[in-house]
Amino acid sequence: MTPDPIVNLPYFDGLLEQIDRGNAEALQAFGRHVHWGYWDDPAKADGSIAGFVAATEALCQRVCDAGQIGGGSRVLDCGCGFGGTIASLNERFSQMQLVGLNIDDRQLARARTEVQAQRDNTIAFVQGDACQLPFADGSFDVVLAVECIFHFPSRLRFFQEARRVLRSGGKLALCDFVPLSITLPLLKLMDQFAKSAIERTYGPVNSQVTIADYRTLATTAGFSPISTEDITRNTLPTYPLIRQLMRQTGTTEMEQVTQGGEWVSRLGLSRYLILAYEVC
Ligand SMILES: C[S@@+](CC[C@H](N)C(=O)[O-])C[C@H]1O[C@@H](n2cnc3c(N)ncnc32)[C@H](O)[C@@H]1O
């Protein structure tokens, strides 16, 4: 029997504990999607949890649209969290074959309870590592990675695995925090100071991969780029809201780390990008 992988995601430990304890706000904010929000007009963000929930759904749909997903697609969502993206696709489209993959069985247990296939869709939630996909070659039309690639042990291995399981002409869409090349040395320096605090709160994170690195990754793995969308300003209302939730649950160190990330984004040192690629 294969041993369970070591899952080091302290923020999910905390979130699962809050959900178990019946924290209604944590459940409302993160019970479906566990990622940043997208506001069309950030000036109109009202700071409410309901507004945040709508914004997380908007971000998820934007990534799916970048992958050009339509009815009848076979979609693999890597790092699927509680299955929010699979749930959204299940609600919006028919004749879908939807697979959510996650390294963390605890999240999959919640996804299996919360997300049931509708109409003629099929859904499977599978435990595994996004860098060693347990699927046959050419089995999907679209592979997604919604705000999770920075946790994966290797972006190159993930790109190569996504390429392998996609059919010819298949699409890969993801969103990620991408530093500007010019600010990378400064960010690397800041990271040296913050590294252990980041690991204690968010687990292993690599946010030092630039858009030039992404170009190389795509070419090496056999993809050509379709689109790059910079949505940094549309995501900024996420920060005050999630910091407030963190303050309420006494997760001070996570709040400080998140505030660091907020300033990096507000100063434009790192960008929030939606990236999409096609199998060459
Ligand atoms: C910020 S959460 C995003 C969750 C989900 N995509 C969403 O948008 O709601 C990051 C996710 O990546 C998953 N993850 C981390 N490392 C992974 C790996 N090597 N393979 C698969 N999933 C992984 C985590 O368990 C977590 O569900």
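Whatever order the structure lists ligands and atoms in, that order sets their numbers, starting from 1.
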Just by distance, do the side chain of Gln116 and the backbone of Arg112 share a donor-acceptor pair under 3.5 Å?
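Yes, Gln116 side chain to Arg112 backbone: donor-acceptor pair under 3.5 Å.
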Is there a donor-acceptor contact under 3.5 Å from the side chain of Asn121 to the main chain of Gln95?
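It does hold such a pair.
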State whether the shortest distance between N or O atoms of [X] and N or O atoms of ligand 1 falls below 3.5 angstrom.
{"X": "Ala130", "value": "yes"}
{"X": "His33", "value": "no"}
{"X": "Cys78", "value": "no"}
{"X": "Gly81", "value": "yes"}
{"X": "Arg32", "value": "no"}
{"X": "Val34", "value": "yes"}
{"X": "Asn102", "value": "yes"}

Between [X] and ligand 1, which residue portion shows a heavy-atom distance shorter than 4.0 Å: side chain, backbone, both, or neither?
{"X": "Phe82", "result": "neither"}
{"X": "Phe158", "result": "neither"}
{"X": "Cys80", "result": "backbone"}
{"X": "Val7", "result": "neither"}

Which atoms of ligand 1 are found less than 4.0 Å from any heavy atom of [X]?
{"X": "Glu147", "result": "1 (C), 2 (S), 3 (C), 10 (C)"}
{"X": "Cys148", "result": "10 (C), 11 (C), 12 (O)"}
{"X": "Gly128", "result": "20 (N), 21 (C)"}
{"X": "Leu9", "result": "24 (C), 25 (O)"}

Any non-hydrogen atom of Gly83 lying under 4.0 Å from ligand 1?
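Distance cut 4.0 Å: Gly83 fails for ligand 1.
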So for Ala145, does at least one of its heavy atoms come nearer than 4.0 angstrom to any atom of ligand 1?
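For ligand 1, residue contact (heavy atoms, under 4.0 Å) with Ala145 is absent.
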Among Tyr214, Phe150, Phe177, exactly one meets side chain to side chain contact (heavy atoms under 4.5 Å, CB included) together with Val209. Which residue is that?
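Exactly one pass, corresponding to Tyr214.
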For [atom], find the nearest protein heavy atom and state the residue, atom name and distance (0.1 Å precision).
{"atom": "atom 19 (N) of ligand 1", "value": "Asp129 OD1, 3.0 Å"}
{"atom": "atom 14 (N) of ligand 1", "value": "Ile103 CG2, 3.8 Å"}
{"atom": "atom 16 (N) of ligand 1", "value": "His151 CB, 3.7 Å"}
{"atom": "atom 27 (O) of ligand 1", "value": "Gln107 OE1, 2.5 Å"}
{"atom": "atom 4 (C) of ligand 1", "value": "Gly79 O, 3.4 Å"}
{"atom": "atom 8 (O) of ligand 1", "value": "His35 CD2, 2.7 Å"}

May I ask you to check whether His151 and Tyr11 place their ring centers less than 6.0 Å from one another?
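Yes: the rings meet the under 6.0 Å criterion.
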How about Phe52 and Phe30: are their ring centroids closer than 6.0 Å?
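Centroid separation for Phe52 and Phe30: below 6.0 Å.
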Please walk me through it: do Tyr239 and Trp263 pass ring pair (Phe, Tyr, Trp, His ring centres under 6.0 Å)?
CA-CA 10 Å; Tyr239 291 98; Trp263 282 112; 9.6 Å; no
Hey, quick one: are Ile226 and Leu76 part of the same hydrophobic cluster, counting side-chain heavy atoms closer than 4.5 Å, chains of contacts allowed?
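As far as the 4.5 Å side-chain criterion goes, Leu76 and Ile226 are not connected within one cluster.
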Taking only Lys NZ, Arg NE, NH1 and NH2, and the carboxylate oxygens of Asp or Glu, determine whether [X] and [Y] approach each other closer than 4.0 Å.
{"X": "Arg92", "Y": "Asp65", "answer": "yes"}
{"X": "Asp137", "Y": "Arg167", "answer": "no"}
{"X": "Arg62", "Y": "Glu147", "answer": "no"}
{"X": "Glu114", "Y": "Arg32", "answer": "no"}
{"X": "Arg157", "Y": "Glu161", "answer": "no"}

Can you check ring pair (Phe, Tyr, Trp, His ring centres under 6.0 Å) on Phe82 and Phe12, steps first, answer last?
CA-CA 10 Å; Phe82 294 139; Phe12 267 100; 5.6 Å; yes
Applying side chain to side chain donor-acceptor pair (under 3.5 Å), run through Asp213 and Thr216 and close with a yes or a no.
CA-CA 5 Å; Asp213 297 327; Thr216 309; 5.5 Å; no
